[in-house]
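Keep in mind it's a predicted model, so treat the numbers as computed, not measured.
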Amino acid sequence: KRWRFNFPPSMDLRDITVLVVSGLLLFVQAWRLVAMARRQPWQLLPEELRGFANKVRRLCTRQKHPDDIESLVMTAVSTSRLDYFRGYCAAGYVTLGCYIVRMSLQRMLGQPRLHTIWQDAIVMTAYLLMTVAAVCPKLVNTKTLELWFSLWMLCFSLYGAPFANTAEYYTLSCLIIQVNTSIVSIGCLVSPLVLFWNAVSLAMAWAATQTFGGDQLVRLFGGRVLLTILTCVFAFLVETRWREQARRDIESQVLKETSSAFHALMGRFYDLVTELDSNLVISASGHELSRFLQCETVPSLVGIRFDELLNCDEQRELFLQRTQQPLNESEGVADMLHVTLRFGTGHMRQVELFTFQFPSIVGRRRFMLGIRDCGE
């Protein structure tokens, strides 16, 4: 006997439309996955190299003006936002595709429909947006990121609106909206935009709560308010941390470029050259300094305050006094001391210490030290 599939009699034009549209979009997704699977790893290598080169080119700069640094920080943060959102789109594309398959199977098997016609249209629109973002990734860039975020948040807000929902399905739709809006809001990191769309989503949720009523929905809305506040606060903290990290990376890169020649020149006259930040914390050549002092327990002294290596209190006070000298904005301050260095149980060494204090690119001061053994 031939196997035949009979469509349930409850299917109507709406179900057929959903099946046709979802089938076309699923075909596009499957075609893209097959095309990616057929590509060899060596074919993906040039793209990875171009991506790495672009990151290096964004970091490398010879401009030192604070305004230029802030623009570089904004560029780095925008790139991080874009990478996060693209990652979310990639994961959401696969997840939404599985959801579409499940919804299509339910319609074909004649199971009860929980979606309204509005929600069907919203889901198909969201899946279409995901398909466009996956097939044409260049459309998702730093200039259009806020637009894509707004379209995505608009879909979720309408998905939970009272005119597009039912009392039976509202609890589940509220859970779906909470999870997705929280994840995508954290990566957007544009605080005013995140606050605006989360406020719109809460307004839709409150309208639906008043429409469907019930103490359980009121408690659910209260939990959603707390989750939204937590999401907005966390998004603000992540944005602040990304800015600080980008500023440190750019400052380190520019400082490395500007001091590499001076570092190489000092290396010809001194046994060891290291760098300190504005708090006198060792930021470079920590391994070499540890070997120089023969520290067996600590492989690297990066993160240690340099004044803790001075064995004598008088020498430590003199060193701190010399490092607090007024600094000219256009020139550095050089000095020379004879001190005794030791860390923990390491070897005590009498050294000639050359200090060069210079302004950093963000207004702080940094130090470059040349160390030469002068003991017998």
- Is a donor on one side and an acceptor on the other found under 3.5 Å between the side chain of R349 and the backbone of L293? no
- Task: Heavy atoms only: give me the nearest A126-L96 pair and the separation to one decimal.
- Result: C-CD2, 3.9 Å
- Query: Under 3.5 Å, is there a donor-acceptor pair between the side chain of H287 and the main chain of P299?
  - Reply: yes
- Determine whether C174 and T171 make a side-chain contact, defined as any pair of heavy atoms from C-beta on separated by less than 4.5 Å. no
- Task: Please report the closest heavy-atom contact between R322 and D335, naming both atoms and the distance.
- Result: NH1-OD2, 2.7 Å
- Using the six-membered ring of F269, assess whether NZ or CZ of R372 lies under 6.0 Å from its centre and within 45 degrees of the ring axis. no
- Message: Would you say L151 ends up clustered with F156 if hydrophobic residues are merged whenever their side chains have heavy atoms under 4.5 Å apart, either directly or through other cluster members?
- Response: yes
- Query: Just checking, is any N or O donor in the side chain of S185 or W197 under 3.5 Å from an acceptor N or O on the other one?
  - Reply: no
- Smallest separation among heavy atoms of I122 and C155, with atom names: CG2-O, 3.4 Å
- Message: Between L318 and E314, is there a side-chain heavy-atom distance shorter than 4.5 Å?
- Response: no
- Pairwise distance CZ(R224) to CD1(I229) - rounded to 0.5 angstrom: 13.0 Å
- Item | Atom of T340, atom of Q315 and distance for their closest heavy-atom approach | N-OE1, 2.9 Å
- Message: Assigning hydrophobic clusters by single linkage (Ile, Leu, Val, Met, Phe, Trp, Tyr; side-chain heavy-atom cutoff under 4.5 Å), is M368 placed with V281?
- Response: no
- Message: If we count only N and O atoms by modelled type, under 3.5 Å, do the side chains of D373 and Q350 hold a donor and an acceptor together?
- Response: no
- Message: Counting C-beta onward and ignoring hydrogens, is there a side-chain heavy-atom pair between E352 and L337 closer than 4.5 Å?
- Response: no
- Message: Taking R316 first and then D313, would you say they form a salt bridge - that is, a charged N and a carboxylate O separated by under 4.0 Å?
- Response: yes
- What orientation do Y169 and Y159 show, parallel under 30°, tilted 30 to 60°, or perpendicular over 60°? perpendicular
- Query: Between the side chains of T231 and S182, does any donor sit under 3.5 Å from an acceptor?
  - Reply: yes
- Task: Using atom types as modelled and distance alone, determine if a side-chain donor or acceptor of S283 lies under 3.5 Å from a backbone N or O of E275.
- Result: yes
- Given the rule that I, L, V, M, F, W and Y join up when any side-chain heavy atoms are under 4.5 Å apart, are F149 and F234 in one cluster? yes
- Task: With the side chain counted from C-beta on, respond yes when N198 and L195 share a heavy-atom pair under 4.5 Å apart, and no when they do not.
- Result: no
- Task: Look at the side chain of S285 and the backbone N and O of V273, then say whether any donor-acceptor pair between them is shorter than 3.5 Å.
- Result: yes
- Determine whether V179 and L172 fall in the same hydrophobic cluster, where Ile, Leu, Val, Met, Phe, Trp and Tyr are linked whenever their side-chain heavy atoms lie under 4.5 Å apart. yes
- Message: Check whether Q178 reaches the backbone of L227 with its side chain - one donor and one acceptor, N or O, closer than 3.5 Å.
- Response: no
- Should R81 and E239 be marked as a salt bridge (Lys or Arg N to Asp or Glu O under 4.0 Å) after you check the CA-CA gap, both sets of side-chain angles, and the distance that decides it? CA-CA 9 Å; R81 292 174 185 164; E239 181 180 7; 3.4 Å; yes
- Please check if the distance between the ring centroids of F85 and W148 is under 6.0 Å. no
- Taken to the nearest 0.5 Å, the spacing of F306 CZ from T355 OG1 works out to 9.5 Å
- Note on the structure: To the nearest 0.5 Å, atom OG1 of T181 lies from atom CD1 of I176 at 11.5 Å
- Item | Modelled atom types, side-chain donor and acceptor of T144 and N141, under 3.5 Å | yes
- Query: Which class fits the ring pair W152 and Y88: parallel under 30°, tilted 30 to 60°, perpendicular over 60°?
  - Reply: perpendicular
- Message: Can you confirm whether the side chains of T116 and N165 place a donor and an acceptor under 3.5 Å from each other?
- Response: no
- Is the backbone N or O of V140 less than 3.5 Å from a side-chain atom of R86, with the two atoms forming a donor-acceptor pair by type? yes
- Residues R366 and D277 bridged, charged N to O under 4.0 Å: no
- Donor-acceptor pair, R305 side chain versus N279 backbone, under 3.5 Å? yes
- Message: In terms of relative ring orientation, are Y93 and Y127 parallel, tilted or perpendicular, with 30° and 60° separating the classes?
- Response: tilted
- Query: In terms of the angle between their ring planes, are F221 and W206 parallel, tilted or perpendicular, with boundaries placed at 30° and 60°?
  - Reply: tilted
- Indicate if L226 and V218 have the same hydrophobic cluster label, given that clusters are the connected sets of ILVMFWY residues with side-chain heavy-atom separations under 4.5 angstrom. no
- Message: Check whether S290 reaches the backbone of V298 with its side chain - one donor and one acceptor, N or O, closer than 3.5 Å.
- Response: yes
- Roughly how far apart are L320 CG and D307 CG, rounded to 0.5 Å? 5.0 Å
- Task: Determine the minimum heavy-atom distance between A208 and P162, stating which atoms define it.
- Result: CA-CB, 3.8 Å
- Task: List the atom of Y170, the atom of A205, and the distance in Å for their closest heavy-atom pair.
- Result: OH-O, 3.2 Å
